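The structure appears right after this line, and notes come after that.
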Amino acid sequence: MTAITATAGTPGTAPSGFARILRVVRLNLANPWTTVIMPWIVLGAIFVLSYGIWILVFLSVEPGGEAEAREGMQWSGASMWIFVYLLVVAVQTMNLTFPLALGYGSTRRDFYLGSAATFVVLSVMWALGLTILSAIESATDGWGIGGRMFTTIFFGGDSPVWQRLVICLCISLFFFFVGAAVASVYVRWRVLGMIVFFFLLGLALIGALALIFAVDGWPAVGDFFVTNQAFGVSLWMLVPTAVAGLAGYLMIRGATPR
Amino acid sequence: MDDSRPIFQQIAEQIENDIISGLLPEESQVPSTNEFAAFHRINPATAGKGVNLLVDTGVLYKKRGIGMFVAPGTRARLVAERRDQFRMQYVEPLLVEAEKLGITPEQLGSMIREAGR
Amino acid sequence: MSPVVEVRDLRKSFGKVRAVDGVSFTLEADRIYGLLGRNGAGKTTLMSLLTAQEFATSGTIELFGQSPVENARVLEQTAFIKENQKYPEDFRVKHLFRSAPWFFANWNAELAGSLAEDFRLPLDRRMKKLSRGQLSAAGVIVGLASRAPLTFFDEPYLGLDAVARQLFYDRLLADYAEHPRTIVLSTHLIDEVSTLLEHVILIDEGRILIDSDAEDLRGSAITVAGTASAVDDFTRNREVLHRDRLGGLATATLPALDAAGRKDAAAAGLELSPVSLQQLIVRTTTSGEDPS
């Protein structure tokens, strides 16, 4: 026999926790097409569509109504779709990388922390990207025709650039981690889990609405958004983000790949 | 390999056959356990068991760090053993059967000589 | 050396189905084990339990002396690509071979590369678009090149043609010879792999029927054939593993006979024939379906 390598009879020295988490990040990004490139293409498509709509809007407005149209632009929800897509990315990543990571000998803990780290990295990327786009949008007076996609009211409008960065970061984190939590429900309980989850979510929303109506709380809700502005609201979003992140972790710890 | 009896025995027999036929001369090196395993597509541990059986019976001996070699005087010994076996396995049943049919050893001898012509 | 795997009274139920039903065994270091059994016997579930992909209902599992559940130090030593392994969306073969080395300390890229060439695996193709055989080849390559101290192969030959299967067996033996490690090969086709195995564990309906060295099993049984009455007389006071009857003729598979037993059988006009490992296992797992 030639060169017999010493194979372990007892557990060897495992890589550090950091290394184990980092390699899950790399696994999630091993094929950047799905996790990184595709969402930007989707964003590009949304932008092109929006641009077409802006042109139609400005062509069709009566003379003198242009200011009103510009005013309306800041309520455009077009760019919100990209966050829905990010949620889908989070679900897909978690659901399909989980079985392979376990086959590679990862623990659920390392897989989840690695995926969470991936989402933080992606959120930073999106925050930077969207903030740069919003700066361009401001500088070019709405891409030359007064369109608004990255400086809408939801992104803090024309607030300082550092605030826009924080807002984008918080929104990205929120959608990624809600996606992670939804994926964890799916990975753990499959379709039945989804049904129960969305049923309970629906109940909770209806309950919340009913409560607001019951205590005549709409003015208070309105006040919340007015006083906090987009910046304050986005900071508040960190609370449900953290809850989703923790819930995802607790659920994935008991999940088994199918 | 025949899967109905232990493979290590078959490996040992095969090496013995090669020694008897002269394919493996005395003092020549026999293939390594892993070479046997790869050639016959068998588990190396099983091949090793076959080789070790021959070490135990003195057919092969180990040169430390080099490999396994055919022990001197092995061929003559194996041939003698096989002759004994031949007698037990073939000649004796042949005589028993011949006796049943009333064939004398002399007649049997001439039958064999004729068949071998 | 302490065993690599030690399992005691392991059970796993899915609802009312007992996939693994009270199983105890040990796996020693650096051996090739055959985990044999029919489809649905519980092989994949058992391997999933060992690698902590599934959680046991009861019983204990120790890998390298520790529980594998969420144990990075232990799971680090294992590789288990399932027969129906799922891969990330749009993953290509090259992504698989790019990511695997991050997880396996002993990964050998050269081996993976030459295997991919030998199996003619298209590196640029999506995992989703691979044929059954190519999927198996991809899993086999990860398992072999990982050189994980405890490597599982789950029905690795599915969809592979004869040439590719022989290639797998040859490369497995060659690499194992140079880098001994504990290998568990699950299969329901015993014929082709039986000579590779040092030890055999046969499970059926979640229970272990045989746990024995492969060499001890070879020649451990014998078949007697003759007229039904002669076979019945001969087997009256003997343990019978399996019976077959065709008109007035019958065969019975028994544990190996001693010299006296052989003589008795010959005297009763019965023909003796050896039983291969494959036949022995088929007969052990179908003994409940005695057609007589």
Side-chain angles (χ1 to χ4, degrees), chain A residues 1-17 19-35 37-38 88-89 91-114 187 252-258, chain C residues 1-4 28-30 48 51-55 63-66 68-82 84-92 94-96 98-106 126-127 139 142-143 146-150 152 177-182:
Chain A
M1 279 195 218
T2 55
I4 300 170
T5 51
T7 46
T10 50
T13 45
S16 67
R20 299 199 314 261
I21 290 164
L22 181 67
R23 64 193 184 182
V24 174
V25 176
R26 296 179 76 187
L27 179 63
N28 277 324
L29 301 176
N31 178 10
W33 180 255
T34 324
T35 36
I37 300 169
M38 196 61 197
V88 172
V89 167
V91 171
Q92 230 174 23
T93 304
M94 291 278 289
N95 180 34
L96 289 168
T97 310
F98 179 63
L100 184 61
L102 261 58
Y104 278 166
S106 240
T107 61
R108 292 166 179 79
R109 172 185 173 276
D110 291 343
F111 167 74
Y112 190 84
L113 294 180
V187 169
I252 212 84
R253 286 296 293 250
T256 54
R258 290 274 180 274
Chain C
M1 198 189 273
S2 58
V4 168
E28 304 291 335
D30 300 347
S48 298
T51 51
Q53 297 199 11
E54 287 286 347
F55 299 106
L63 264 59
F64 307 98
Q66 301 176 6
V69 176
E70 288 295 272
N71 186 336
R73 261 157 53 96
V74 162
L75 294 177
E76 189 71 26
Q77 318 286 316
T78 69
F80 177 32
I81 300 299
K82 282 184 189 172
N84 60 351
Q85 179 66 46
K86 293 213 176 67
Y87 297 97
E89 184 76 8
D90 293 330
F91 228 54
R92 292 169 199 266
K94 62 181 177 189
H95 297 131
L96 186 67
R98 194 181 296 160
S99 58
W102 304 332
F103 292 83
F104 299 112
N106 303 332
R126 283 166 203 225
M127 300 304 294
V142 172
S146 75
R147 289 194 178 151
L150 177 57
F152 296 87
E178 295 214 347
H179 303 277
R181 53 209 193 253
T182 310

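Being a predicted model, the structure only gives us computed values, none of them experimental. Throughout, a chain's letter reflects where its sequence line sits, starting with A, and its residues are numbered from 1.
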Next on the checklist: What's the separation between atom OG1 in A:Thr97 and atom CG in A:Asn28, rounded to the nearest 0.5 Å?
Outcome noted: 4.5 Å

Checklist entry - With C:Arg98, which residues qualify under side chain to side chain contact (heavy atoms under 4.5 Å, CB included), at least two apart? => result C:Lys94, C:His95, C:Trp102

Checklist outcome for this item: Whatever's closer than 4.5 Å to a heavy atom in chain A on C:Asn71 counts as backbone

Checklist entry - Given that the side chain runs from C-beta out, which part of C:Lys86 has a heavy atom under 4.5 Å from chain A: side chain, backbone, both or neither? => result both

Checklist outcome for this item: With chain C, the option among A:Thr107, A:Leu102, A:Thr35 that has the most non-hydrogen atom pairs under 4.5 Å is A:Thr107

Checklist outcome for this item: Under 4.5 Å to a heavy atom of chain A? For C:Glu89 that would be both

Next on the checklist: Using 0.5 Å steps for rounding, measure from the CG atom of C:Asp30 to the CZ atom of C:Arg181.
Outcome noted: 9.5 Å

Checklist outcome for this item: Turns out that what part of C:Val69 lies under 4.5 Å from chain A's heavy atoms comes down to neither

Item to check | From CG (A:Asp110) to CZ (A:Arg23), nearest 0.5 Å | outcome: 7.0 Å

Item to check | Region of C:Leu96 in contact with chain A, defined by heavy-atom distances below 4.5 Å | outcome: both

Checklist entry - Which bit of A:Ser106 comes within less than 4.5 Å of chain C, counting heavy atoms only: side chain, backbone, both or neither? => result both

Next on the checklist: Using heavy-atom distances under 4.5 Å, tell me whether A:Ala19 contacts chain C through its side chain, its backbone, both, or neither.
Outcome noted: neither

Checklist entry - Side chain, backbone, both or neither: which part of C:Phe104 has a non-hydrogen atom closer than 4.5 Å to chain A? => result side chain

Item to check | Gap between atom CZ of A:Arg258 and atom CD of C:Gln53 - 0.5 Å precision | outcome: 10.5 Å

Checklist entry - Nearest 0.5 Å, what's the CD1-CZ distance between A:Ile252 and A:Phe98? => result 5.0 Å

Checklist entry - Side chain, backbone, both or neither: which part of C:Thr51 has a non-hydrogen atom closer than 4.5 Å to chain A? => result neither

Checklist entry - Who passes side chain to side chain contact (heavy atoms under 4.5 Å, CB included) against C:Asp90, sequence neighbours left out? => result A:Asn31, A:Trp33, A:Thr34, C:Arg126, C:Lys128

